[in-house]
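Everything quoted here is computed from the prediction, not taken from an experiment.
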Amino acid sequence: MPFILRGEPMTKRKNTRNHSHKEKGAGPKPTITTATNAEPAGMLDQSDTAVTAASHSVENQAAILSNGRIPTAQRQAMAAHIGQVGGNQYLQRLISRLPEENEATRPVDSSALNPAHTIQKWDSPEHMRLGDTTGVMIDIGDGVQLTFGQVVALAGDEFGSLEELMAATKTDDGRAMIRAHLERASIPGTAAAMLPAPTDKQRSQASSEYITLAMDNSEHFAGGGTAVENWLSHHAQAIDKAIQAGLYMDNTLLNEAHMAEAFGDHFLTDAFSSGHIRVPRQAITDYYVNEFAPSVVDHLIDHLRERLVDDIYDQVEGQTVINEAAWVLGGIVGGLGVRAYIRRKIRNAINTKLDEAFTAAGGRQQVIRYLGLGIAGIISGAMHDMENEQGLWVVSGIHPEPWLAYGDDELDKNPEHRRRVEEAVAASLADLQTAYDIGLEQGQALYNLVDLAWLPETVYFGFDSDALTPEAAGLVDTVADYLQYNRSTLLTLMGHADPIGDNPYNDDLSSRRAHQVANRLLSRGVDSDRLQVESMGEEAPVTTSRSHYHLNRRVEFVYATGADIDDHGPENTAYENAQQAALAQIGPAYAAEAHFPHAAAGLNNELPEWHWGAIPASFRSQMATWIQHYINQYATDALAGPALDPMEVEGYTVSPRPVAQAIVNDIVADPIGFLSRAFGRSAG
């Protein structure tokens with residue numbers, strides 16, 4: 001059901017020289033991404049809630065147990081509980097087939113299980129599919145609408161901030177970039193055709209921005225990053241916009257509320273991906289950027305330089321006869337001298353190019369940072385994929401019973417997990433409805449306010465009575481509403497009585513009448529320091545005619561303005577009132593916070609050691625697969641770039657492309673060995 005707000009609508013060349021004594025340099029730094037290819041979703045089927053109970057059936061829970069990824073004792077304890085609920089015979093047959101504990105708890109080598117390993121990414125179509133369960137459409141101008149899920153998918157992965165995305169909607173170039181990102185993420189929908197066509201440069205820019213964001217993306221990780229905090233920030237912003245939308249019945253503000261909520265829900269959905277729940281992404285990044293990269297960068301550069309000198313010398317050597325002439329004329333020493341001279345010239349040229357590259361990258365410190373981010377990306381990415389493939393037993397505040405969460409590109413592997421994510425998205429969006437309603441209520445109160453000139457000046461009482469009549473109570477409530485939204489207005493309540501009876505009695509009666517009015521104003525939220533009560537007794541009659549004594553049984557309202565009171569107007573007061581009401585009714589803490597999963601104690605394997613030098617072999621295999629995937633994905637385009645075209649250097653033709661291709665081949669053949677040699681440190 002759509003969400004509706006009321007009021008809205010390279011082959012390696014043969015080389016005869018022996019390079020086995022040399023250590024190779026590092027190639028392009030892989031990056032990690034946070035996004036999966038999945039089919040777009042339709043609208044949320046409300047009947048999904050009806051199958052929640054089925055997910056707790058003996059057969060479903062037993063099927064989860066049968067994957068053998070938790071210790072035997074705990075599985076049997078869970079099985080016993082299920083058996084008490086119903087179906088002992090089926091359960092006992094299942095338990096008899098469960099793997100032994102040492103088998104069940106052994107870390108999974110996913111590359112061995114799945115030779116055609118695909119790198120896991122919480123990809124844009126999957127984000128979109130989750131977001132589109134809301135049914136909300138977001139207007140980005142000129143009649144173009146994105147689905148809520150498209151904005152969820154663009155957030156964080158394609159656009160670094162909500163402000164950047166909002167700004168892009170305002171210009172033709174920006175809107176073309178939105179289309180470039182939609183197409184890069186494979187989520188164009190119907191909107192892309194209505195946006196300006198991006199240039200090739202803009203498409204290239206979109207890919208570059210995606211990779212840049214992926215290199216340093218700890219904000220997408222929950223336990224080891226700031227995903228929840230990022231959602232909280234955007235959610236609070238969305239609630240505030242929804243309040244204002246209701247207050248002013250402004251569709252533009254409502255649209256902005258949806259945009260902020262959708263952007264934040266990218267991080268909410270990320271927090272449910274098993275590869276994002278406990279991977280210590282920020283700690284890994286901090287270590288490799290601040291400690292590891294600075295300690296290995298010089299070794300890396302030295303060995304990369306020598307690799308380039310060797311390979312380029314091979315090319316130059318084949319283009320000259322000076323070496324053979326030197327052997328004839330000068331003997332061995334002369335030949336060696338020529339070789340040393342040529343190698344020195346090559347090394348000097350490479351040093352110049354390296355200096356230029358450092359400058360272009362922003363200096364040495366920035367190069368170190370990029371190196372650290374690249375290695376951290378390999379570590380985090382491989383760990384992320386391992387968690388996604390294995391699944392992770394999790395619990396949440398609202399669902400304390402463990403369930404198996406999967407990650408990117410595995411949305412439908414456990415339907416129960418998908419429902420958990422959808423529940424959180426719905427709970428988060430429901431806060432906007434409440435905020436809108438609160439704002440709408442305050443807006444209605446503003447609309448019903450009367451001007452000061454139309455406020456009542458007197459209310460009347462019955463004979464010998466201090467009770468407010470229904471008519472008098474209504475008038476007092478009108479005054480209370482005005483005072484609530486006009487904070488500089490002060491009020492004096494003057495009680496009166498008719499002359500029947502003695503003076504002391506009438507003084508008390510007039511005082512009680514004034515206090516009855518004051519008490520009703522206080523009950524309606526008027527501050528006591530803005531009220532003053534006076535008793536006039538029978539001393540100030542409006543008439544001496546006995547037939548009109550009822551006009552003396554009264555309380556008079558005397559309005560004044562407090563000169564030292566900061567009154568910032570009824571609208572601001574209404575907005576502040578709405579904020580206070582939202583704080584009480586919505587939070588923080590917000591309802592969706594109870595939905596966020598965390599690893600269930602004792603049900604999952606420990607994460608592998610990730611510090612270089614202590615990385616276990618099984619995890620090094622995961623890292624190698626991860627590197628090979630990204631090298632194969634991006635190397636072809638990188639090797640085709642004009643920077644690697646043949647060039648003339650001091651009369652020699654130098655071809656950088658075969659050199660780069662040889663390095664890429666070495667990386668693909670043995671990624672971890674290549675990096676260990678380049679860093680001068682074994683990975684494990």
Side-chain angles (χ1 to χ4, degrees), residues 10-29 293 296-364 366-368 370-371 374 631 635-636 638-670 673-680:
M10 155 187 337
T11 304
K12 183 174 181 180
R13 63 183 173 85
K14 183 178 180 181
N15 190 342
T16 58
R17 304 176 69 252
N18 182 8
H19 290 284
S20 62
H21 65 287
K22 300 179 179 67
E23 301 199 14
K24 315 301 184 185
K29 299 184 290 295
V296 301
V297 65
D298 290 330
H299 192 281
L300 172 64
I301 293 170
D302 288 343
H303 284 79
L304 176 59
R305 180 193 295 114
E306 292 309 307
R307 172 67 182 268
L308 294 173
V309 169
D310 287 347
D311 287 358
I312 293 175
Y313 178 81
D314 285 349
Q315 295 182 11
V316 172
E317 185 181 37
Q319 300 174 45
T320 181
V321 297
I322 191 170
N323 292 304
E324 295 180 5
W327 279 91
V328 173
L329 298 175
I332 296 177
V333 175
L336 293 176
V338 171
R339 292 190 179 98
Y341 170 79
I342 295 176
R343 292 176 65 86
R344 185 166 63 251
K345 296 285 287 186
I346 294 171
R347 185 176 291 104
N348 290 341
I350 290 174
N351 286 337
T352 299
K353 292 295 183 181
L354 287 174
D355 289 342
E356 293 173 355
F358 269 54
T359 300
R364 176 183 172 85
Q366 190 66 5
V367 170
I368 292 174
Y370 286 147
L371 173 61
I631 290 292
T636 300
L639 291 171
L644 298 180
D645 289 343
M647 62 186 71
E648 293 293 323
V649 180
E650 296 190 11
Y652 295 102
T653 300
V654 175
S655 299
R657 186 168 287 109
V659 178
Q661 180 70 73
I663 293 174
V664 168
N665 290 345
D666 285 353
I667 297 174
V668 172
D670 182 11
F674 181 94
L675 292 177
S676 295
R677 293 189 298 272
F679 297 150

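- To the nearest 0.5 Å, atoms CD1 (Ile631) and CG (Asn665) are separated by 10.5 Å.
- When side chains are defined from C-beta on, Tyr313 does not count as touching Leu308, because their heavy atoms never get closer than 4.5 Å.
- No side-chain heavy atom of Phe679 sits under 4.5 Å from any side-chain heavy atom of Val297.
- Side-chain contact between Arg305 and Arg347: present, with at least one pair of heavy atoms (C-beta onward) separated by less than 4.5 Å.
- A search for side chain to side chain donor-acceptor pair (under 3.5 Å) contacts involving Ser655 returns nothing, not counting sequence neighbours.
- We find the CG-CD distance between Leu354 and Glu356 to be 9.5 Å, quoted to the nearest 0.5 Å.
- When all heavy atoms of Ala293 and Ile368 are compared, the closest pair comes out as CB-O, 3.5 Å.
- By the side chain to side chain donor-acceptor pair (under 3.5 Å) test, Asp355 pairs with no residue at all, sequence neighbours left out.
- Annotation: side-chain contact (heavy atoms from CB on, under 4.5 Å) contacts of Arg344 (sequence neighbours excluded): Tyr341, Asn348.
- Under the 4.5 Å side-chain criterion, counting only non-hydrogen atoms from C-beta, Ile312 is in contact with Ile350.
- Across every non-hydrogen atom of Ala660 and Leu644, the tightest pair is CB-CD1, 4.0 Å.
- For the pair Val659 and Gln315, the minimum side-chain heavy-atom distance is below 4.5 Å.
- Taking 4.5 Å as the limit, every side-chain heavy atom of Val654 sits out of range of all side-chain heavy atoms of Ile346.
- A salt bridge does not link Arg307 to Asp310: none of the charged side-chain nitrogens sits closer than 4.0 Å to a carboxylate oxygen.
- Annotation: side-chain contact (heavy atoms from CB on, under 4.5 Å) contacts of Asp645 (sequence neighbours excluded): Pro642, Arg657.
- Listed by chain and number, the residues in a side-chain contact (heavy atoms from CB on, under 4.5 Å) with Ala361 are Val367, Tyr370 (sequence neighbours excluded).
- Annotation: side chain to side chain donor-acceptor pair (under 3.5 Å) contacts of Asp670 (sequence neighbours excluded): none.
- Here the side chains of Arg343 and Glu306 are in contact, with some heavy-atom distance below 4.5 Å.
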| task | Give the C-alpha distance, both sets of side-chain angles, the deciding distance and a yes or no for side-chain contact (heavy atoms from CB on, under 4.5 Å) between Lys345 and Val316. | result | CA-CA 11 Å; Lys345 296 285 287 186; Val316 172; over 6 Å; no
| request: Dump the intermediate steps for salt bridge (charged side-chain N to carboxylate O under 4.0 Å, His left out) on Arg364 and Asp298, then the final yes or no. | output: CA-CA 10 Å; Arg364 176 183 172 85; Asp298 290 330; 3.0 Å; yes
